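Working notes, beginning with the structure itself.
In this chain, residues are counted from 1 in sequence order. If you're wondering where the values come from, they're calculated on a predicted model, not measured in any experiment.
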Amino acid sequence: VIFVLIDGIGDVSLSALSHDTPLQRASTPRMDALAKEGANGLMDPVRPGLACGSDTAHLSLFGLDPRLYYRGRGAFESLGAGLAMQPGDVAFKSNFAHWDPAT
């Protein structure tokens, strides 16, 4: 069994692509072959109607109830960077960005 999870592949439509997404315009013969030969579809990873991020969805896909085990994205990122979390520690996740008014 091979489990392929392509998180975030949906993307957004772009006016420069006549409101198609980059995926709609991409040549994807290998993904097309996997989709044709495999089982695929959409799912509600936590419960029907509950929108969740990839962090909580991944916990659920691997058998952990995120309502019990999820402690925030900061803790996930810290552990992924190899930083040991201890009881009482607080970890924050932040994204940095730069805005260029010329673009």
*Share the residues that join Leu79 in a hydrophobic cluster, the rule being Ile, Leu, Val, Met, Phe, Trp or Tyr side chains under 4.5 Å apart at the heavy-atom level.*
Met85

_Remaining members of the apolar cluster that contains Phe76, side-chain heavy atoms under 4.5 Å_ = Leu59, Leu64, Leu68, Tyr69, Tyr70

*With sequence neighbours left out, write down each residue that passes side chain to side chain contact (heavy atoms under 4.5 Å, CB included) with Pro22, or none if nothing qualifies.*
Asp11, Leu14, Leu17

*Not counting sequence neighbours, list each pair that qualifies as a ring-ring contact (aromatic ring centres under 6.0 Å, His included) and has a residue in residues 77-103.*
none

*Tell me the side-chain hydrogen bond (donor to acceptor under 3.5 Å, both in side chains) pairs involving residues 83-96, sequence neighbours left out?*
Lys93-Asn95

*Minimal non-hydrogen separation, Ala91 against Ala75, with atom names*: CB-N, 3.8 Å

*Who are the side-chain hydrogen bond (donor to acceptor under 3.5 Å, both in side chains) partners of Asp20, not counting sequence neighbours?*
Arg25

*For Arg73, all residues meeting salt bridge (Lys or Arg N to Asp or Glu O under 4.0 Å), sequence neighbours excluded*: Asp55, Glu77

*Could you pull out all residues at least two apart from Thr28 that satisfy side chain to side chain contact (heavy atoms under 4.5 Å, CB included)?*
Leu23, Ala26, Met31, Asp32

*Mind checking what makes side chain to side chain contact (heavy atoms under 4.5 Å, CB included) contact with Glu37, not counting sequence neighbours?*
none

